[in-house]
Amino acid sequence: MTLRRRLVLSIVALVVAVSAVIGAGSIIALASIQTGTIDGQLQKATSRASTKFGQGDPNGQRPNDDALQPLGQAAGTLTAYYVAGGGAGGIVLNDDGSRSFLSSAQLDRLGDVKVGVDPATMDLQGSLGRYRVAAVQVDNAGVGNAVLVVGLPMSPVYESVRSLLLVVILVVAAALVAASVVAAVVVRRSLRPLERVAETASTVARMPLERSDALQDVRVPDTDPRTEVGRVGSAFNRMLGHIAGAMQARERSEQKVRQFVADASHELRTPLASVRGYAELTRRMGGDLPKDVVYAMGRIESESIRMTSMVEDLLLLARLDEGREIQFDDVDLTGLVFDAVNDAHAASPEHPIEVDVPDSPVVVVGDAARLHQVIVNLVTNARTHTPDGTRITVGLAPSDSGSGVDLTVRDTGQGIDPEFLPKLFERFARADSSRSRSAGSTGLGLAIVDAVVQAHGGSVDVTSEPGDTVFTVHLPAEQPADAAAAATASPASPESTDAPAADTWSDVPNRT
Ligand SMILES: Nc1ncnc2c1ncn2[C@@H]1O[C@H](COP(=O)(O)OP(=O)(O)OP(=O)(O)O)[C@@H](O)[C@H]1O
Ligand SMILES: [Mg+2]
């Protein structure tokens, strides 16, 4: 049950309970006050009747009606007498002034009333109903010693109680309706600030908290420290501030690391180019040098080539991490596939490669050079991490999801160790096989594939079992929204200190 409903129900229940208690108290009080009044009237009626009856009938005859109902008795008053010798009788004064005799059953009942006790209520049945009755001893009346019982009807008390009960029921019903409406409005209004806090919290929960400025505009408006919700709101805002601060610190440190890697890779290119150049120069003069030195120079040259490629990969990854380096344009993926497959075929003719693409060109929005690199890296993996003769199939097809394109690179090699699969796209991740080491791999190829594809707003999946390994690159047909926004908001600034010079960066060699 929601807090709001619980509060409304509690308030309504409380109001109804209080009204019911007050109503019940009023009814009980009214009944007892009215009964007290009747008792007072009964005392007076008894004294009138006993005085008149006491005067007796000098003839010792049956007491006449006037003796039983003296002047001043109210309508409904009943009087019964019980003479010591055995005679008994009684009458009741009707509303119209006439008198009726009491039945013998009624006289029997009234005969039980004791002299000298407080008035009691008695049900006399028939048309009389409930009566308040009291008995008095009258000595030396003309008819001898007698007990006189006088009664007054209780119906006025019951009528008042019934009327009050009706009023109480109406008042409780009205209180129920009014309390429900007022409680619903008041509770809704009181809980609105809490709902705003909850809304802000769920907004934050839905946010992808990758960038610290994501939280910049998220604040709870209710921060009045005098209210409970205000205190929650201001604590929540402080917490958001702390989170944003922690994220900024993390971003700064990540930025520093990226910057360092980018700078270090950039700086390493020139000395590496010199090492490679001098090694090549020395090799060309091979005839004049001892064989060992020629061999050592060859190794220096090949390792420097490898190191250059590694440095280029690191630089590319650092740039992709910064969200740069991708230049969106219409790209014909079919052409890129054919280029990569032809290069691969030339590099290792012992791997049969098939191409499975639609007849019409498949065009996506992306960076041609980087997408070429993605295809080359995947095809190179299929070549270098599988035995000779392994069949490779490169396919292009419209995506199953309906929008975008799926590029698949499939091979019939030995497959990838399932334990290694979750780490496959991590940097420097290589399955621990001597073959991949000897092939001079660094474990950056798939990390680059992943980073490039993500920068295009796409995704890479892999399924692998012995004899069937499939890498599927899904590329959306559209440019990703954040890249488009970044492109319109801030055109690349050429002054930026770590921006690569156009000629040095855009021509990072593809890894073949
Ligand atoms: N088609 C494949 N068949 C079997 N193993 C594969 C395949 N593709 C990748 N791998 C495994 O995944 C590892 C990581 O691949 P990745 O391309 O990232 O690095 P690499 O090929 O080892 O080095 P680099 O591509 O940087 O030269 C490889 O070392 C290899 O063990
Ligand atoms: Mg590779």
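Read the numbers this way: they start at 1 and go in the same order the structure lists the ligands and their atoms. These numbers come from the heavy atoms of this one structure, side chains and all, not from hydrogens, waters or symmetry mates.
Near G443, meaning under 4.0 Å from one of its heavy atoms, ligand 1 places the atoms 18 (O), 19 (O), 20 (P), 22 (O), 23 (O), 24 (P), 26 (O).
Distances between N or O atoms of R430 and those of ligand 1 include no value under 3.5 Å. The shortest N or O to N or O distance between L444 and ligand 1 is below 3.5 Å. Considering backbone and side-chain N/O atoms, N381 comes within less than 3.5 Å of an N/O atom of ligand 1. Close N/O approach between T469 and ligand 1 is not found [any backbone or side-chain N/O within under 3.5 Å]. Looking at L446 next to ligand 1, an N or O pair under 3.5 Å apart turns up. Taking only nitrogen or oxygen atoms, main chain and side chain alike, D411 reaches within less than 3.5 Å of ligand 1. For the pair A447 and ligand 1, the shortest N or O to N or O distance does not fall below 3.5 Å.
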Checklist entry - So L371 and H456, side-chain contact (heavy atoms from CB on, under 4.5 Å) or not? Walk me through it. => result CA-CA 9 Å; L371 290 176; H456 281 78; 3.7 Å; yes
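Note on ligand 1: F471 sits in its first shell, one or more heavy atoms being nearer than 4.0 Å. Between A429 and ligand 1 there is a heavy-atom distance shorter than 4.0 Å. For L424, the heavy-atom gap to ligand 1 drops under 4.0 angstrom.
Classification of R410 and D468 as a salt-bridged pair holds, one side-chain N sitting under 4.0 Å from a carboxylate O. Using a cut-off of 4.0 Å between Lys/Arg side-chain N and Asp/Glu carboxylate O, R427 and D321 are scored as salt-bridged. A salt bridge links E303 with R306; the closest basic N to acidic carboxylate O contact falls under 4.0 Å.
Within the coordination shell of the Mg ion (ligand 2), defined by N, O or S atoms under 2.8 Å, T442 is absent.
Proximity of a side-chain donor or acceptor of N377 to a complementary backbone N or O of G445 within less than 3.5 Å is detected. Without hydrogens or angle criteria, S309 side chain to I305 main chain gives no donor-acceptor distance under 3.5 Å.
Side chains of H474 and S459: a donor-acceptor N/O pair is absent below 3.5 angstrom, by distance only. For the 3.5 Å distance criterion, the side chains of S302 and R299 qualify, holding a donor opposite an acceptor. Side-chain N/O atoms of Q255 and R252 include no donor and acceptor closer than 3.5 Å.
Of the heavy atoms in F425, none comes closer than 4.0 Å to ligand 1. Of all the heavy atoms of I416, the ones lying under 4.0 Å from any atom of ligand 1 belong exclusively to the side chain.
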